[in-house]
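Lettering follows sequence order; numbering is per chain, from 1. From a predicted model like this one, the values you see are computed outputs, not experimental measurements.
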Number of protein chains: 2
Amino acid sequence: MADKAILFKRLQSFDFLRGLDFETLTRLAESSTWKVYAPNEVLFWEGEVESNLFYLQYGSLKVLKASPDGREQVLRFITKGEIFNEVGVLAKKANPATAVALEESGVWLIPRHALEEVILAHPGSALQIIENMADKIISLVTLAADLSLKSVEARFIQLLLDQAEGDLIERRRWTNQTELAARLGTVPDVLGRVIRELTKAGLIEMDKQQIRILDRAGLMDRA
Amino acid sequence: MADKAILFKRLQSFDFLRGLDFETLTRLAESSTWKVYAPNEVLFWEGEVESNLFYLQYGSLKVLKASPDGREQVLRFITKGEIFNEVGVLAKKANPATAVALEESGVWLIPRHALEEVILAHPGSALQIIENMADKIISLVTLAADLSLKSVEARFIQLLLDQAEGDLIERRRWTNQTELAARLGTVPDVLGRVIRELTKAGLIEMDKQQIRILDRAGLMDRA
DNA sequence: CTCCCGCCACGACTTTTGTCGCTTTTTTAC
DNA sequence: GTAAAAAAGCGACAAAAGTCGTGGCGGGAG
């Protein structure tokens, strides 16, 4: 079990808790619990009511919705340091999506009652949470519009350009074509085809370890 | 200009303002302004920063994102009594979408500073706003998943079943095939084809005034 | 009244996306 | 290390979505 002192330090660094006093943070840390999830383990299912706020200390997750026939649409990736499940915690609604660990992930669970206390006592933190949710609304709006208005190729190119540091994208264990396809809202075959075409056109190069952008301008043209 | 007394009454009926005292509501009403928009008039554009909260007193609006080539994806319809632009007001972010009046619409504009005062003074109202935003997140998540995982036909059938009162849907002036198509994330031709197929299959009947569901079970089967 | 414009109907065609079957390669589990 | 499972490559095909052209109907504007 991770030390509560770690969480305490983390809590101090959250934007939305900034400026809270020692006792408040201690109380939050005291009532929270720690959990480690294995790769592919589910944190919560679509339709469940989950009343903890999650703070991801290490690892990475995906949030998705699945169709009856097994296809999935990834709505969001969560990396170290992010909080999630504001919807379940604060709106007391059934969760609209499923959260799954992509790799081993360590998570703090902060119970609803502790959080509500903080918000009522410190209205400024509510504004921070609202900003946080606004960011999510913005990215969901963008996702919906992209799914409807852009081709798979355009979405893939945008993903490449967003993710690239310099002209390189490091591939991790879970950055395989199947996962990328779910992220783009398509199937692995189609993504594979797009990759082949972009490779043949000399725009990108892809192997197991990385994706390299060879012609940034050319990519932008096609998107 | 509509009487501020009307807004005052309305404010009293907002969920998120419930329980506020007389002076607070009066102040809100005092600092708000009233505006009427003509059909097809734009309330705000994607990318603009808009610092008023809107309350739609009568009329109806659509919120959409457009692609360079002119297609649009409607993200949300707003009807009488709803508030919108929480994102712009509270998160101080550029608006992710454009809002357009579908018919003549009367709107109250509540400025940011007045709203922030209320929230800081009454943390409970922040929780109400958070719930409001959570609802939006949920419906955007659903929209994104539907766009990615369901066919146009399935989305149209779902729209029919959601909107129907009894087995009837009244068509208003702006419920034409062009608008319905934008709402479903497709083009009028495709929607027209789907309508013809469902009609030929004896599942629905559609004229200028209304859409009638003839075989609810049959529709659900196909979706 | 009539001309014009927007909406809709419909068929033909193109493009995009998704599916299938089969093979090879890579990863994982034991 | 080896066997089994998962991922990926690839071509052929099928289905869904989008585009284009033509033409009809009907409701304003003049």
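The CD-P distance, from B/Q209 to D/dG27, rounds to 10 Å in whole Å. In this structure, CE of B/M206 is placed 16 Å from C1' of C/dC10, rounded to the nearest angstrom. The separation between B/L149 atom CG and D/dA16 atom C1' is 15 Å, rounded to whole Å. Nucleotide C/dT19 holds its P atom 7 Å from the CG atom of A/D69, rounded to whole Å. Summarising the geometry, the separation between NZ on B/K208 and P on C/dC8 is reported as 10 Å, rounded to the nearest angstrom. A straight line from CG of A/L198 to P of C/dT16 spans 13 Å, rounded to a whole angstrom. Atom CD in A/E197 sits roughly 10 Å away from atom C1' in C/dT16 (whole-Å rounding). Rounded to whole Å, the distance from CZ on A/R71 to P on D/dA15 is 16 Å.
Considering every non-hydrogen atom in both A/I138 and B/K93, the closest pair reads CD1-CB, 3.7 Å. Summarising the geometry of A/Q73 relative to A/L184, their closest heavy-atom pair is OE1-C, 4.4 Å, with the distance given to 0.1 Å.
Partner of B/F84 under the side chain to side chain contact (heavy atoms under 4.5 Å, CB included) criterion, chosen from B/N132, B/I78, B/V89: B/I78. Under the ring-ring contact (aromatic ring centres under 6.0 Å, His included) rule, A/F54 has a single partner from A/F44, A/W34, A/W108, which is A/F44.
Taking the C1' atoms of five terminal pairs at each end of the helix from C/dC1-D/dG30 to C/dC30-D/dG1, the two resulting helix axes are inclined by 50°, rounded to 10°.
A/E82 contributes a side-chain N or O that, together with a main-chain N or O of A/T79, makes up a donor-acceptor pair within less than 3.5 Å. Remark: side-chain polar atoms of B/R71 are paired, donor with acceptor, to backbone N or O of A/S148 under 3.5 angstrom.
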What is the per-nucleotide protein-contact pattern of nucleotides 3-14 of chain D, from the 5' end, where B denotes a base atom under 4.0 Å from a protein heavy atom, S denotes such proximity for sugar-phosphate atoms only, and - denotes neither?
-> ----SSSB-B--
Steps toward salt bridge (Lys or Arg N to Asp or Glu O under 4.0 Å) verdict (B/K35, B/E41) | CA-CA 12 Å; B/K35 193 157 179 202; B/E41 202 178 342; 5.1 Å; no
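Residue A/R172 qualifies as open at atom CZ: its count of foreign heavy atoms under 6.0 Å is 12 or below.
Note that CG of B/L102 is 6.0 Å distant from NZ of B/K62, once rounded to the nearest 0.5 Å.
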